[in-house]
Amino acid sequence: RTEAGRDWIAILHAGACGLGDRVVLFAGPSQAGKTTLCAALMASGFIFYGDDSAAVGEDGTVSPMPFRLMIREGSWRVLHPRFPELLASPSTAHCGYLVRFLSPPPERIAANPSPAKALLFVAYRPGEKTSLRPLLPFETLLKVQESGFWVQHDRGSIAALLAWLQKLPAYDFTYSDLDDAIAAIRRV
């Protein structure tokens with residue numbers, strides 16, 4: 001139990017944004033493009049639930065964890081049109097990379113947990129078309145393992161995570177253009 005009265009079945013290495021009651025999780029390894037995508041979604045009207053870690057409750061809801069987004073140097077210019085203040089903010093070295101922090105606008109921060117509607121495994125690939133490929137449950141499990149996650153090490157917790165993953169639509173998501181990516185996510 002890490003949130004007052006709530007049990008989490010898992011914490012995924014993922015970002016999360018939503019429209020209305022539709023929350024989409026963006027999982028993937030470091031430098032896959034999750035944070036850049038979450039920032040662009042926020043700028044286009046999505047509600048921000050979190051970046052880098054997504055806590056999933058027993059009921060399949062995603063809890064808001066609205067920490068600042070850590071934007072690596074390669075994304076500064078891409079996000080500048082959406083967040084002009086980004087280039088003026090101070091940079092710092094973090095794990096061998098220059099980063100700047102972006103605070104989510106208060107009106108874009110989720111107030112309450114909401115149900116996850118889809119899980120996208122993100123891969124930014126320059127020059128490639130935006131694509132969504134549905135995953136089978138076993139493929140989803142392998143992708144979660146590749147991306148990183150935490151689950152309580154007991155039979156019940158692992159069974160709950162597996163049951164949740166089986167019900168949740170999951171996709172491989174490749175993008176290079178943020179506007180195309182945002183349009184595709186709106187359709188999900």
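Both backbone and side-chain heavy atoms feed into the values below; hydrogens, waters and symmetry mates do not. None of these values were measured; they are calculated from a predicted model.
A salt bridge (charged side-chain N to carboxylate O under 4.0 Å, His left out) check over residues 126-143, counting only residues at least two apart or in different chains, returns the pairs Arg133-Glu139, Arg133-Asp172, Lys143-Asp172. Residue pairs that meet the salt bridge (charged side-chain N to carboxylate O under 4.0 Å, His left out) test with at least one member in residues 104-125, sequence neighbours left out, do not exist here. Applying the salt bridge (charged side-chain N to carboxylate O under 4.0 Å, His left out) rule to pairs touching residues 21-36 yields nothing, sequence neighbours excluded. The stretch residues 101-154 participates, sequence neighbours left out, in these ring pair (Phe, Tyr, Trp, His ring centres under 6.0 Å) pairs: Tyr124-Tyr175. Under the salt bridge (charged side-chain N to carboxylate O under 4.0 Å, His left out) criterion, the residue pairs touching residues 68-92 are Arg82-Asp179, with sequence neighbours excluded. A ring pair (Phe, Tyr, Trp, His ring centres under 6.0 Å) check over residues 24-50, counting only residues at least two apart or in different chains, returns nothing.
Rounded to the nearest 0.5 angstrom, Arg100 CZ and Leu79 CG are separated by 11.5 Å. Taking CE of Met70 as the start and OG of Ser75 as the end, the distance is 11.0 Å to the nearest 0.5 Å. The distance from atom CG of Asp177 to atom CD1 of Ile182, rounded to the nearest 0.5 Å, is 8.5 Å. To the nearest 0.5 angstrom, Leu132 atom CG is 8.5 Å from Thr174 atom OG1. Note that CD1 of Ile185 and CG of Leu178 are 9.0 Å apart. Values are rounded to the nearest 0.5 Å. Of the inter-residue distances, the one linking Asp51 atom CG with Thr36 atom OG1 reads 9.0 Å to the nearest 0.5 angstrom.
Contact annotation: the side chain of Leu69 approaches that of Met42 to within less than 4.5 Å [non-hydrogen atoms, C-beta and beyond]. Counting heavy atoms from C-beta outward, Thr61 and Ser114 have side chains that stay 4.5 Å or more apart.
Residue Val151 comes nearest to Ser157 through the heavy atom pair CG2-O, 3.8 Å, listed as atom of the first residue, atom of the second, then distance. Heavy-atom minimum distance, Pro104 versus Pro66: CG-O, 4.1 Å. Heavy-atom minimum distance, Leu168 versus Ala118: CD1-N, 3.6 Å. Between Cys38 and Gly15, the shortest heavy-atom distance links the atoms SG-CA, 3.9 Å.
At least one donor-acceptor pair under 3.5 Å links the side chain of His13 to the backbone N or O of Gly28. A donor-acceptor pair under 3.5 Å links the side-chain atoms of Trp76 to the main chain of Ile71, judged by distance alone.
For NE2 of His80, the number of neighbouring non-hydrogen atoms (other residues, nucleotides, ligands) closer than 6.0 Å is greater than 12.
There is no path of hydrophobic side-chain contacts, each under 4.5 Å, that joins Leu37 to Val62.
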* To do: Let me see the working for Gln166 and Leu141 under side chain to side chain contact (heavy atoms under 4.5 Å, CB included), right down to the final yes or no.
  => CA-CA 9 Å; Gln166 269 193 303; Leu141 181 59; over 6 Å; no
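Among Val24, Val56, Val144, Leu135, the single residue meeting the side-chain contact (heavy atoms from CB on, under 4.5 Å) criterion with Leu119 is Val144.
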